[in-house]
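Everything below concerns the one structure shown next.
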Amino acid sequence: MLNENKIDIDKFRKYLSAKSLEEENIVKIYNNHDDLHKIINEIIKFESEINIQKERLEKHLESIKNIQDFIKNENIVFKNAMCNEKYIFNLDSIIDTNKQNSSDFSHLVIKKIKIEAKTIENNQEYIFESKGDYKIKLYFTTNLCNKLEFEKEVMIKVLEDTKNLWKCLPSDKSDPLFKEDNYSTSGQIGDKFYIASSKRGRSHQHEGTFRDDHCLIKTINNDWSIIAVADGAGSAKFSRWGSKLACEKAVEYCLNNEDFILELQNIEKKLTDYSNNKDNDTLYKNINNDSKKTLYRIVKYAYDEIEKFSKKHQLDNPEEFDKKDRLSIAYFHTTLIFTIFKKIDNLGYVFFNFGVGDCPIVLLVNGKPKLLNALDIGEYGGGTRFLTMREIYMNQEDMSKRFTMDIFDDFDYLFLMTDGIYDPKFEVESNLVKEDKWNEFIVDLQGNNEDSIKINFSANIKEDEKSLNNWLDFWNKGNHDDRTIAIVYGAK
Amino acid sequence: MARRLPLYLLLDTSGSMFGEPIAALNNGVSLLIHTLSNDPIALDSVWVSIITFNSKITQLQPLTALADIPLQNINCPRSGPTLTGKALEFLEKKVKVEVRKNSANQKGDWRPVLVIFTDGKASDSSLFNKMIQPIKDLNFATILACGAGEKVDFSELEKLTTNIMRLDTLNGEDFMKFFKWVSTSIEASSKTIGIKSNVTLPLPPLDIDQVM
């Protein structure tokens, strides 16, 4: 900066020497007034230049003094480093201090860093190889004068990479309510294929606890199929069993209950009538109403069975039920979604859906997503509703809204999943109805992912089933819940 | 962005804390941060805010991801009152701004956890009493309180929570026990995130009185 207005020393000397002029020169100059005036004027001009330079210099010195004080007195805190990751020492790595916006700070330059026995110069990158608190000596300079050097000792915290902190402990096989950590299945439903996988999340692996999610797919009767997905509540001790019972009992009811089988046949008859008279709104409403009543019985059966089991389990293991004011069924809290569907001639695919909790049922039709159920989402994370909560049965109107009916000519994909998948992949529930998010998701499943795992959505369902199961291991910071997904698709 | 578990530390740094007690408090907070940082579940979910109170209320650390909490020192003045009420008022504002609720476009945080430490009684007791209900309305998953020394008014803390630990002295060792209990509790919270009901806390260490 000083260089920009460098004083011309030679010129200065010339004028100084003019002060001790020889007599003959004085006479010479005297004889030429013009020259003399010129010299005097230039001396005056030069004097003012000197003053400007002096002020400038004083300002610089003050800035340098400020920087020196700043480095000496201010608590300079560096951002934490991650083990085995490149750390860059620059001013951006300093956590905001009040002075950060001042001009003094902007003149700072990190010149040299001493970490343990190593000195890093010119290159401000460093990789810490182990975690801990490191004492570091920093040598600052300033672009106001790069010959100056200020020393400062700071501490820096180096953290272990989260990936290395995760443990994978087996779940207890001797537990009477033991459940497999990993489940997958595949098969054919009418002209469509299905693949499904459910896997214990890292947070459960770390603790050696069980998978709380559950999934079950069955063809029940007369080519109708049911897909059920449940997510046990993390807080409930036996939620793994709650989710298992929820799926199994719902399917069991569909398979074995004679009333249900008859009712479904009646509904199908009405659907066939409707296929011949699609303008008949009254009939549509009638079918919708019938289906709500029929499906309600499935839900109620699942609730009753879980309650029955929970009471028996409490009788047999009273020590496990340690909360006085808690119902035994609350130890089995679980969400549940299911869809019962079939392709009806001249009508298309008919879906009867149910949902309690925050798991979605989504249909992709010509790339466009349709959310088939309404999600229960609380004010805070985890504030959902459960199948096992008595209160959801109390309000008939609310309960009625949980059952929906949809008819589509055809579809690309049908998805049922738990929040273990959509939290990391869709972030918020509102994205579940966004076409571009679903495009991304499909491309992700088809191989555009960190691990390059490819699901072909082909007729080779065994291979796709395996790929889907591997795909579930994707890494996503902060999302380590159980992951469950069921996909129905038409093979290309 | 994954769901966060917000942890609020409300720490008494009034004049009576000067000297050994503040050093012990610093060690305790460091231990807490350190312990949680070694737990992958906590490291991925816990966010910490540190608020200190004496005659002034200071948010030493705005709500920050555990991995980004730097090494720092909590200081205290040589003398001054304990404005616990004002601290609660400040806390209420911060929680309302910083803790995210579920909405169509954002993922809500897990219910926050509050840790409150004091070595005395509120100098502003009427404000303190006025703030009890608003603090309860914030719907903390857990409130853990610690009172250290003879001057603590435990009836005040009891208005906020039943999870209270009583320390007779302000020495380093006891502080460590408290913060170990806190970290175990936070870890318990982070492990069971996804909960509607209150978190079940591990019992405090046996040799420390828990006021119930």
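Keep in mind that this is a model prediction, so the values were computed, not measured. The chains referred to below are lettered A, B, ... by the order of the sequence lines, with proteins before strands, and numbering in each begins at 1. Note that these values count all heavy atoms, side chains included, but never hydrogens, waters or copies made by symmetry.
- With a 4.5 angstrom heavy-atom cutoff, B:Asn38 touches chain A via backbone and side-chain atoms both.
- Every ring-ring contact (aromatic ring centres under 6.0 Å, His included) that A:Tyr331 has, sequence neighbours left out, goes to A:Phe321.
- Listed for the A:Asp213 side chain is no donor-acceptor partner under 3.5 Å among the backbone atoms of A:Ser198.
- Looking at A:Lys131, only its side chain comes within 4.5 Å of chain B, counting heavy atoms on both sides.
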Just do the ring-ring contact (aromatic ring centres under 6.0 Å, His included) check on A:Phe238 and A:Phe332 with the steps written out, would you? CA-CA 5 Å; A:Phe238 306 120; A:Phe332 291 75; 5.3 Å; yes
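- Here A:His480 is the residue among A:Lys167, A:His480, A:Glu429 with the most heavy-atom pairs under 4.5 Å with chain B.
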Would you mind writing out the side-chain donor-acceptor pairs for residues 156-164 of chain A within the sub-3.5 Å range, not counting sequence neighbours?
from: A:Lys157; atom 1: NZ; to: B:Ile69; atom 2: O; distance (Å): 2.7
from: A:Glu160; atom 1: OE2; to: A:Asn164; atom 2: ND2; distance (Å): 3.4
from: A:Asp161; atom 1: OD1; to: A:Lys163; atom 2: N; distance (Å): 3.1

